[in-house]
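Here's the structure, in structure tokens; my notes come after.
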There are 2 protein chains.
Amino acid sequence: MLRDDITTAIRGAVMHELAAVGYGRLSIEAVARRAGVSKTAIYRRWRSKLELVLAVVSKVAVQRLPLPDTGTLRGDLEMLFMIMSHALRHPLASQIIPDLLAEAARNPEIAQTLQSALQANQHTIGVLLIERAVERGELPEGADPGALMDLIVGPLYWRIAIARTPLDAADLPRMAAAVAAALGVASEPHRPVDSGPAPIDTTTGSGSNRS
Amino acid sequence: MLRDDITTAIRGAVMHELAAVGYGRLSIEAVARRAGVSKTAIYRRWRSKLELVLAVVSKVAVQRLPLPDTGTLRGDLEMLFMIMSHALRHPLASQIIPDLLAEAARNPEIAQTLQSALQANQHTIGVLLIERAVERGELPEGADPGALMDLIVGPLYWRIAIARTPLDAADLPRMAAAVAAALGVASEPHRPVDSGPAPIDTTTGSGSNRS
DNA sequence: CAACGACGGTACGGTTGCGTCCCGACGCTC
DNA sequence: GAGCGTCGGGACGCAACCGTACCGTCGTTG
């Protein structure tokens, strides 16, 4: 029986090492050093660096985010943003996630693992949040969660993980409101592009308004 | 005098190598091999891997994107999205950019270089696109380009570089419309958050609707 | 209490990359 | 056409890491 405490130490070391040097430069030796463990201990548990990282990351990524129903799309978004920004603020997460996502562009196995993890959360978010909004009448039916996902997670992810501009908690409601508006527009059934320079209805404009 | 053709070959090799293995695993030897050049040729031009990459990337990143005035915020966004998606579709760019952005989280020099490059484009986008919209009356004055940037580039970047879902060109207008709506809401002057579970107006709701 | 089995740790050969040094080749100048 | 300066290429010593084989230890079982 493999000792749990050592397994745990390895897991932690992988996370820290991943954050410190990234997947590309992650070395088994460094993980072993940081964990205060021998390389053999690691090779006994996982066959390769890829397997090790995938296992550790999967274990962490599976943790679902709770997403309470606030009663409104905007409220749900605000809540989601708070949770996301909290999660992405973790120094480990904010370094590991972009790194692995970049690595996923090269390594199909990593891509698939992340895709699965992402898909899980996507369902938490997509199915829950969006379908809730549809049921409330805040979004029209037939809204495609996949297409809306970009609008939901894109801005916050960019802000925190890419631009890394400090994000005041007070900014989240504003962002939530903006995204809610975007979702309204994006999920409208196809409408002809009002060509030309006519002033635009920046709000959801035509149909599909609630209340 | 250093031979230009060799310098060019090195630059190309760096880009390809960067895309293939990422910054973390980029090795001078591999660059030299791919460029069909000796290591000395590289060390004569740059002192280290970091300097090499920064120089090559800076050279590429400086190229500004043209951004014609279409007459409307939505049109400008659509145009911008087309340009961005075109640029991000390049296999090299779509692998190098996320990789370097992830690396920037660890390496301050890379962060600063990218920040500069990003800031340049940010001004192209922010000052041009947003101020144009303000002048047209499509956005209220005092809109903070920095805060709006997340809404503009976040969704498309997420879609192409992170989720890597195929993006139909026909989807861009929809996304542009959605983002335009988001910008309208986000740039509204502060308004009290309607607290509580009262049904929320997911659109811009109260005032400030144009047209 | 003895023997077994599974564990973690150390040591090893092989590989890869770093950064440098030296050499032959090429072009330019007088 | 001879000499000089600069270039690119190959080789070297050094360090890190990979994956494995072997060794001592500990807990368990009969």
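Naming convention: chains lettered A, B, ... in sequence-line order (proteins, then strands); numbering from 1 in each chain. When reading the values below, keep in mind they use all heavy atoms of this one structure, side chains included, and skip hydrogens, waters and symmetry mates.
Crowding of B/Gln112 atom CD: a count of heavy atoms from other residues, nucleotides or ligands under 6.0 Å not exceeding 12.
The side-chain hydrogen bond (donor to acceptor under 3.5 Å, both in side chains) analysis of residues 140-149 of chain B, with sequence neighbours excluded, yields no pairs.
DNA chain D lies under 4.0 Å from no heavy atom of any residue of residues 6-16 of chain A. For DNA chain D, the residues of residues 35-55 of chain A within the heavy-atom distance limit of 4.0 Å (strictly under) are A/Lys39, A/Thr40, A/Tyr43, sorted by number.
Partners of B/Tyr157 under the ring pair (Phe, Tyr, Trp, His ring centres under 6.0 Å) rule, at least two apart in sequence or in another chain, are A/Trp158. Residues satisfying the salt bridge (Lys or Arg N to Asp or Glu O under 4.0 Å) test with B/Glu29, not counting sequence neighbours, are B/Lys39. In this structure B/Ala13 satisfies the side-chain contact (heavy atoms from CB on, under 4.5 Å) test together with B/Val31, B/Arg34, B/Ala35, sequence neighbours excluded. The ring pair (Phe, Tyr, Trp, His ring centres under 6.0 Å) check on A/Tyr23 picks up nothing, with sequence neighbours excluded. Annotation: salt bridge (Lys or Arg N to Asp or Glu O under 4.0 Å) contacts of B/Glu109 (sequence neighbours excluded): none. Every residue meeting the side-chain contact (heavy atoms from CB on, under 4.5 Å) condition with A/Gln115, not counting sequence neighbours, appears here in chain and number order: A/Gln119.
With no hydrogens or angles considered, a side-chain donor-acceptor pair links B/Arg45 and B/Thr7 at under 3.5 Å. Using modelled atom types and a 3.5 Å distance limit, the side chains of A/Arg136 and A/Thr72 yield no donor-acceptor pair.
Put simply, the residue from A/Val153, A/Val179, A/Leu129, A/Ile130 that forms a side chain to side chain contact (heavy atoms under 4.5 Å, CB included) with A/Leu148 is A/Ile130.
Using a 4.0 Å cut-off between charged nitrogen and carboxylate oxygen, A/Arg132 and A/Glu135 do not count as a salt-bridge pair.
Minimum interatomic distance between A/Ser38 and A/Ala32 (heavy atoms only, all atoms of both residues): C-CB, 4.0 Å. Nearest heavy-atom pair across B/Met82 and B/Ser85 is O-OG, 3.1 Å.
Read 5' to 3', the first and last nucleotides of DNA chain D with an atom closer than 4.0 Å to a heavy atom of chain A are D/dC17 to D/dA21. Using a 4.0 Å cutoff to heavy atoms of chain B, the contacted part of DNA chain C runs 5' to 3' from C/dG17 to C/dC21.
For the helix from C/dC1-D/dG30 to C/dC30-D/dG1, the end axes, each set by the C1' atoms of five terminal pairs, are bent relative to each other by 0° (nearest 10°).
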- Message: If you apply the rule side-chain contact (heavy atoms from CB on, under 4.5 Å), what do you find for A/Ile10 with A/Val56, and how did you get there?
- Response: CA-CA 9 Å; A/Ile10 295 174; A/Val56 170; 5.8 Å; no
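A/Arg25 comes within contact range of no nucleotide atom at all, as no heavy-atom separation falls under 4.0 Å.
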